[in-house]
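This chain uses plain numbering: 1 for the first residue, then up along the sequence. Worth saying up front: this structure is predicted, and the values here are computed from it rather than measured. Indexing begins at 1, ligand by ligand and atom by atom, following the structure's order.
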Amino acid sequence: CKRIVVKIGTSSLMLPDDSIDYQTIDRMAYVLTVLRKQGKEIVLVSSGAMGVGLNLLNLPQRPKTIPEQQAIASVGQSELMNLYSRFFSHYNQIVGQILMTRDIVEFPESRKNAENAFEQLLQMGIIPIVNENDAVSVEELDHQTKFGDNDRLSATVAEIISADLLIMLSDVDGFYDKNPMTNPDAALFHTLHKVTDKEMALAGGNGSKFGTGGMATKLTAAKHILSNNQQMVLTKAVDPTVLFEILEGKEIGTYFVN
Ligand code: ADP
């Protein structure tokens, strides 16, 4: 595996009291820098703008109107990148920001343009950090510019850059036959070769407070990955050094492969 997309979810970047988990950000910066220095090409897809924005503005929860959410995403995104830049700089690693909207990948010209930006950054040894451009993308049906969640976005990024592997880091060890948070007897799937309606039906609920995805969007991303003959691992972010183990070939989490 040379080219790797790592996606980290909001639930992994925020602590239970809704403050920012600086330790995880620091460990991610360390681990991704080590991998980069080992010759891997790394792209990080990071959620968390909304959580960080709410935190910075001292707001208890996501506001109702879309313009308010956009404003918070705008504040949160620049603070999130500020945090990443600072933590990565401790390891002498430069990062670049790429903000995506869905229409970018739908038009061949802008898609090619995005592809070139990723290629150039990777060639320069920079780690691109990607998020959806939430401050300007629109949700209305007649003008869909949103990916809607970073699970889907990360699969699209993996497609654009022809990644060898998508590693999706969440607050859960992998995909279970029922929600493990509410069912202690849930059993982990170690390997899945396809994602059908049967698997989709096992993904319950909407996920964490600030997150938008839940398990369903992770399975949709896995489906996308499998249809492109690519591979994905889903596991817990609590200790980012898990990335070393995955790349050493240890069986961790749920592995999606054809
Ligand atoms: P993230 O913020 O990392 O994107 P989410 O909180 O949105 O993650 O989604 C992960 C959550 O999905 C888990 O914490 C769990 O509560 C829920 N979930 C629902 N069904 C399942 C399942 N079958 N297997 C694993 N997790 C599940």
Side-chain angles (χ1 to χ4, degrees), residues 5-21 23-25 27-28 31-32 43-55 61-62 69 72-73 76-77 80 100 129-132 134 146-158 166-192 194-225 232-240 242-243 246 252-256:
V5 176
V6 178
K7 185 261 170 180
I8 186 156
T10 303
S11 57
S12 311
L13 294 169
M14 307 301 293
L15 292 167
D17 69 352
D18 295 342
S19 62
I20 297 161
D21 187 349
Q23 203 173 329
T24 295
I25 297 179
R27 286 174 170 173
M28 278 300 284
V31 170
L32 295 184
V43 173
L44 176 62
V45 176
S46 178
S47 308
M50 183 59 71
V52 170
L54 290 171
N55 193 276
Q61 70 218 359
R62 190 189 277 258
Q69 292 179 15
I72 289 158
Q77 179 62 29
L80 183 66
M100 306 268 290
I129 301 183
V130 186
N131 198 2
E132 172 139 38
D134 282 324
K146 276 190 92 64
F147 288 97
D149 63 82
N150 273 350
D151 295 331
R152 185 155 151 193
L153 172 61
S154 64
T156 302
V157 170
L166 168 60
I167 302 177
M168 205 172 274
L169 298 175
S170 182
D171 61 349
V172 64
D173 286 319
F175 175 52
Y176 287 78
D177 61 354
K178 45 194 160 220
N179 189 345
M181 302 290 181
T182 43
N183 302 278
D185 63 331
L188 178 73
F189 290 102
H190 290 281
T191 307
L192 278 178
K194 55 180 182 241
V195 177
T196 65
D197 292 349
K198 197 183 111 217
E199 283 77 29
M200 292 302 293
L202 304 176
N206 264 336
S208 57
K209 183 175 171 193
F210 298 132
T212 43
M215 196 46 53
T217 53
K218 290 171 183 55
L219 291 184
T220 304
K223 217 171 174 172
H224 187 150
I225 287 286
M232 171 176 139
V233 178
L234 170 64
T235 192
K236 223 181 172 113
V238 65
D239 183 359
V242 72
L243 294 179
I246 291 170
I252 285 174
T254 304
Y255 201 64
F256 296 89

**Shortest heavy-atom approach to atom 21 (C) of ligand 1 - which of Val172, Asn179, Ile8** = Asn179

**Request:** Just jot down the ligand 1 atoms closer than 4.0 angstrom to any heavy atom of Lys218, in number order.
**Result:** 1 (P), 4 (O), 5 (P), 7 (O), 8 (O), 9 (O)

**Complete:** Note: ligand 1 atoms sitting under 4.0 Å from heavy atoms of Gly214 are 5 (P), 7 (O), 9 (O)

**Request:** Measure Ala237 to ligand 1 on non-hydrogen atoms and call it side chain, backbone, both or neither using the 4.0 Å cut-off.
**Result:** neither

**Prompt:** Should Lys7 be listed as contacting ligand 1, given a heavy-atom distance under 4.0 Å as the test?
**Reply:** yes

**Request:** Determine whether any heavy atom of Ser47 lies closer than 4.0 Å to an atom of ligand 1.
**Result:** no

**Message:** Heavy atoms only, cut-off 4.0 Å: how does Ala203 contact ligand 1, side chain, backbone, both, or neither?
**Reply:** backbone

**Asked** Under 3.5 Å, N or O to N or O, is Asp151 touching ligand 1 that way?
**Response** no

**Request:** Measure from the side-chain N and O atoms of Thr254 to the backbone N and O of Phe189, and report whether any donor-acceptor pair falls under 3.5 Å.
**Result:** yes

**Prompt:** If you look at every heavy atom in Asn131 and Ala49, which pair is closest and at what distance?
**Reply:** ND2-CB, 3.8 Å

**Message:** Suppose I only count heavy atoms of Thr10 and a 4.0 Å limit; which atoms of ligand 1 are within that range?
**Reply:** 2 (O)

**Item:** All ring-ring contact (aromatic ring centres under 6.0 Å, His included) counterparts of Phe256, not counting sequence neighbours
**Value:** none

**For Thr196, the option from Glu199, Lys198, Lys194 that meets side chain to side chain donor-acceptor pair (under 3.5 Å)** = Glu199

**Prompt:** Just heavy atoms, cut-off under 4.0 Å: does Met181 contact ligand 1 by side chain, backbone, both, or neither?
**Reply:** side chain

**Request:** Using a 4.0 Å heavy-atom threshold (strictly under), name the region of Lys178 that reaches ligand 1: side chain, backbone, both or neither.
**Result:** backbone

